[in-house]
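Letters go in sequence order (proteins before strands), and every chain restarts at 1. Treat the numbers as computed from the prediction; the structure is a model and nothing was measured.
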Protein chains: 2
Amino acid sequence: MPLDEEKNGACVRSIYVNNPHLDSMTDDILYHFNLGTSTHDLPAMFGDVKFVCVGGSPWRMKSFTEYIAKELGLSGTNAEYPNICAGTDRYAMYKVGPVLSVSHGMGIPSISIMLHELIKLLYHSRCNDVTVVRIGTSGGIGLKPGTVLITKQSVDSVFQPRFEQIILGKPVVRSTELDGELAEELLQCGKDLAEFDTVIGNTMCTLDFYEGQARLDGAFCSYSEEDKQRYLAEAYAAGVRNIEMESSVFAAMCKLSNLRAAVVCVTLLDRLKGDQLTSSHDVLKNYQERPQALVGHYIKKKLKDSKKS
Amino acid sequence: MPLDEEKNGACVRSIYVNNPHLDSMTDDILYHFNLGTSTHDLPAMFGDVKFVCVGGSPWRMKSFTEYIAKELGLSGTNAEYPNICAGTDRYAMYKVGPVLSVSHGMGIPSISIMLHELIKLLYHSRCNDVTVVRIGTSGGIGLKPGTVLITKQSVDSVFQPRFEQIILGKPVVRSTELDGELAEELLQCGKDLAEFDTVIGNTMCTLDFYEGQARLDGAFCSYSEEDKQRYLAEAYAAGVRNIEMESSVFAAMCKLSNLRAAVVCVTLLDRLKGDQLTSSHDVLKNYQERPQALVGHYIKKKLKDSKKS
């Protein structure tokens, strides 16, 4: 498949599925979405999608949809946004105009199942020029809590920008490169808003929240405070400014399927100073709204630009 | 800490946290449960827990609670079971009598966060003699769909009974041994019920649902049907009869914390014959109730036995 196709003189960025078996399937059931090609008219439902925002929590993705609807002037009075995946409790999905919002649960395996089905959904729906942004929460390293971090590179536990996928029992290494231009545009949006600190840095993606992130407050801990501080200092020296649990596979899968992708996470605490989330509910809620505000601003700006051109 | 303590002449099985830092914390916030030692009286709320059932889907764990309440004669008229973790959407938790039911989402990282906080919850609540069972769904290998499989060993993608935990950037290998006696007791419960096939076998635990389980229907697939069949045949030869995404870390963490543990999963399809879940909603729903029925029978039997003695 070509990277970009010419269509009416304009360059169109297609979505790839890298799977020769798919075209021979008469039907494709997207099981964890409770959607399918023979039960749903996917092009009619999703053909106009240009932005997909994904995040761990179903509540947050619903609230993002309500927020973006208001921002784009698409929310009527008493507008309600039904969960498109209402028939399952694995993921929640909402749509308003060209913006799709999907929850992905916690951790690499959970977001990976969702992304396989999302990429197929966009492919079956014949979408193009789609931008995908993960809006999430994270632990910061040396940043003021509440700072919004746009990921430059997603790195593993030894600070390498790679994701290891096991296929037929063997490891296959994939690149976790994200779209640099998109990251810069998002940084500019942070400057435009000027409501909170927005920075670009590396993100460490781990398979575990406690031992995997050098926390001292899990059910098990075999290392000292000094060991923890040494590890986080090494991460900092490698450019890591926050830690979360989904960015590596997100970057790898978006790259493989030709989706423009970014990761925007707020830091809920500074891990150099502690492990527990002791901030009040209201403070944490305010922090979690920041990536939404940033990405909302970006989408509004892009839609305005596309109307102009 | 001793493995088992004598208490009034009876042997009591304690729960371990292997973390010297915990005792010096004045407060412990179980963030993903929205519970904490200073905000909740955990011993009063959970001190009587003897059985914990965990499963991926919040809906399924609620329905398990309703089922077990009825089975144990603990459901009054119009009894309702509030979600103990109602303040968060990360996990759902229900309790009826000595039975706690908790959802864990999909994949190793998601269940691992939940287990860290569950183990601390049981420890803070001063519980003892606790049995934990994961009731889940899986893909079978060479089994009739709907068969309930009790895990003998949880193995990785090269069929080894181990779980690799990354700590401070370095891999630490942990055993995934489960309680053999408990597995046999559960198998006997399957025979008692005689409502569906129940077998013991090895379970392969993967980090991915599509490429990681040799499916041909993901967004990406770089191997052939023959490659897939060869890999599944190797798994079968190693005693693997089903594949899921949580058992290895579940087994490893329960073993480290001295919890009696079992994994009971129904197979929703035979992976030798296909990859997609094409069975009707009602058939799949019936299958998913089977592990519940098996574990419900086991709990009833155990509570009856303990009243006798």
(request) Side chain from CB out, backbone as N, CA, C, O: work out which of these in Leu122(A) comes under 4.5 Å of a heavy atom of chain B, or both, or neither. (result) neither
(request) Hey, could you give me the CD1/CZ distance between Ile113(B) and Phe209(A), rounded to the nearest 0.5 Å? (result) 6.0 Å
(request) Using a cut-off of under 4.5 Å on heavy-atom pairs, state which of Pro58(B), Gly105(B), Gly212(B) scores highest against chain A. (result) Pro58(B)
(message) For Met204(B), which atoms come within 4.5 Å of any heavy atom of chain A: side chain, backbone, both, or neither?
(response) neither
(message) Shorter than 4.5 Å, heavy atoms on both sides: which option in Gly36(B), Ala219(B), Ala235(B) has the most such pairs with chain A?
(response) Ala219(B)
(request) Specify which of Ile167(B), Leu115(B), Ile119(B), Ile108(B) makes the most heavy-atom pairs with chain A at under 4.5 Å. (result) Ile167(B)
(request) Among the options Gly218(A), Gly107(A), Ala214(A), Gly56(A), pick out the one with the most heavy-atom pairs lying under 4.5 Å from chain B. (result) Gly218(A)
(message) Rounded at 0.5 Å granularity, tell me how far CG in Leu168(B) sits from CG in Leu232(A).
(response) 8.5 Å
(request) Below 4.5 Å from any heavy atom of chain B, which atoms of Leu268(A) appear? Answer side chain, backbone, both or neither. (result) side chain
Please tabulate, one pair per line, the donor and acceptor atoms of chain A and chain B that lie under 3.5 Å from each other, or say none if there are none.
{"unit_1": "Asn18(B)", "atom_1": "N", "unit_2": "Ala219(A)", "atom_2": "O", "d": "2.9"}
{"unit_1": "Asn18(B)", "atom_1": "O", "unit_2": "Cys221(A)", "atom_2": "N", "d": "2.8"}
{"unit_1": "Asn19(B)", "atom_1": "ND2", "unit_2": "Leu216(A)", "atom_2": "O", "d": "2.8"}
{"unit_1": "Asn19(B)", "atom_1": "ND2", "unit_2": "Gly218(A)", "atom_2": "O", "d": "2.8"}
{"unit_1": "His21(B)", "atom_1": "NE2", "unit_2": "Tyr223(A)", "atom_2": "O", "d": "2.9"}
{"unit_1": "Asp28(B)", "atom_1": "OD1", "unit_2": "Gln276(A)", "atom_2": "NE2", "d": "2.7"}
{"unit_1": "Ile29(B)", "atom_1": "N", "unit_2": "Gln276(A)", "atom_2": "OE1", "d": "2.8"}
{"unit_1": "Ile29(B)", "atom_1": "O", "unit_2": "Gln276(A)", "atom_2": "NE2", "d": "3.3"}
{"unit_1": "Ser57(B)", "atom_1": "OG", "unit_2": "Asp89(A)", "atom_2": "OD1", "d": "3.3"}
{"unit_1": "Ser57(B)", "atom_1": "OG", "unit_2": "Asp89(A)", "atom_2": "OD2", "d": "2.8"}
{"unit_1": "Trp59(B)", "atom_1": "N", "unit_2": "Asp89(A)", "atom_2": "OD2", "d": "2.8"}
{"unit_1": "Asp89(B)", "atom_1": "OD1", "unit_2": "Ser57(A)", "atom_2": "OG", "d": "3.3"}
{"unit_1": "Asp89(B)", "atom_1": "OD2", "unit_2": "Ser57(A)", "atom_2": "OG", "d": "2.8"}
{"unit_1": "Asp89(B)", "atom_1": "OD2", "unit_2": "Trp59(A)", "atom_2": "N", "d": "2.8"}
{"unit_1": "Ser112(B)", "atom_1": "OG", "unit_2": "Asp208(A)", "atom_2": "OD1", "d": "2.7"}
{"unit_1": "His116(B)", "atom_1": "ND1", "unit_2": "Ala219(A)", "atom_2": "N", "d": "2.9"}
{"unit_1": "Glu117(B)", "atom_1": "OE2", "unit_2": "Tyr210(A)", "atom_2": "OH", "d": "2.4"}
{"unit_1": "Lys120(B)", "atom_1": "NZ", "unit_2": "Asp217(A)", "atom_2": "O", "d": "2.4"}
{"unit_1": "Gln165(B)", "atom_1": "NE2", "unit_2": "Asp208(A)", "atom_2": "OD2", "d": "3.2"}
{"unit_1": "Arg174(B)", "atom_1": "NH1", "unit_2": "Glu211(A)", "atom_2": "OE1", "d": "3.0"}
{"unit_1": "Arg174(B)", "atom_1": "NH2", "unit_2": "Glu211(A)", "atom_2": "OE2", "d": "2.6"}
{"unit_1": "Asp208(B)", "atom_1": "OD1", "unit_2": "Ser112(A)", "atom_2": "OG", "d": "2.7"}
{"unit_1": "Asp208(B)", "atom_1": "OD2", "unit_2": "Gln165(A)", "atom_2": "NE2", "d": "3.2"}
{"unit_1": "Tyr210(B)", "atom_1": "OH", "unit_2": "Glu117(A)", "atom_2": "OE2", "d": "2.4"}
{"unit_1": "Glu211(B)", "atom_1": "OE1", "unit_2": "Arg174(A)", "atom_2": "NH1", "d": "3.0"}
{"unit_1": "Glu211(B)", "atom_1": "OE2", "unit_2": "Arg174(A)", "atom_2": "NH2", "d": "2.6"}
{"unit_1": "Leu216(B)", "atom_1": "O", "unit_2": "Asn19(A)", "atom_2": "ND2", "d": "2.8"}
{"unit_1": "Asp217(B)", "atom_1": "O", "unit_2": "Lys120(A)", "atom_2": "NZ", "d": "2.4"}
{"unit_1": "Gly218(B)", "atom_1": "O", "unit_2": "Asn19(A)", "atom_2": "ND2", "d": "2.8"}
{"unit_1": "Ala219(B)", "atom_1": "N", "unit_2": "His116(A)", "atom_2": "ND1", "d": "2.9"}
{"unit_1": "Ala219(B)", "atom_1": "O", "unit_2": "Asn18(A)", "atom_2": "N", "d": "2.9"}
{"unit_1": "Cys221(B)", "atom_1": "N", "unit_2": "Asn18(A)", "atom_2": "O", "d": "2.8"}
{"unit_1": "Tyr223(B)", "atom_1": "O", "unit_2": "His21(A)", "atom_2": "NE2", "d": "2.9"}
{"unit_1": "Gln276(B)", "atom_1": "OE1", "unit_2": "Ile29(A)", "atom_2": "N", "d": "2.8"}
{"unit_1": "Gln276(B)", "atom_1": "NE2", "unit_2": "Asp28(A)", "atom_2": "OD1", "d": "2.7"}
{"unit_1": "Gln276(B)", "atom_1": "NE2", "unit_2": "Ile29(A)", "atom_2": "O", "d": "3.4"}

(request) Name the member of Leu216(B), Val158(B), Ile166(B), Val249(B) that forms the most heavy-atom pairs with chain A at distances under 4.5 Å. (result) Leu216(B)
(request) Return the minimal non-hydrogen interatomic distance between Cys221(A) and Pro20(B), and the atom names on each side. (result) O-CD, 3.6 Å
(message) Please classify the contact between Ile111(B) and chain A as side chain, backbone, both or neither, with a heavy-atom cut-off of under 4.5 Å.
(response) neither
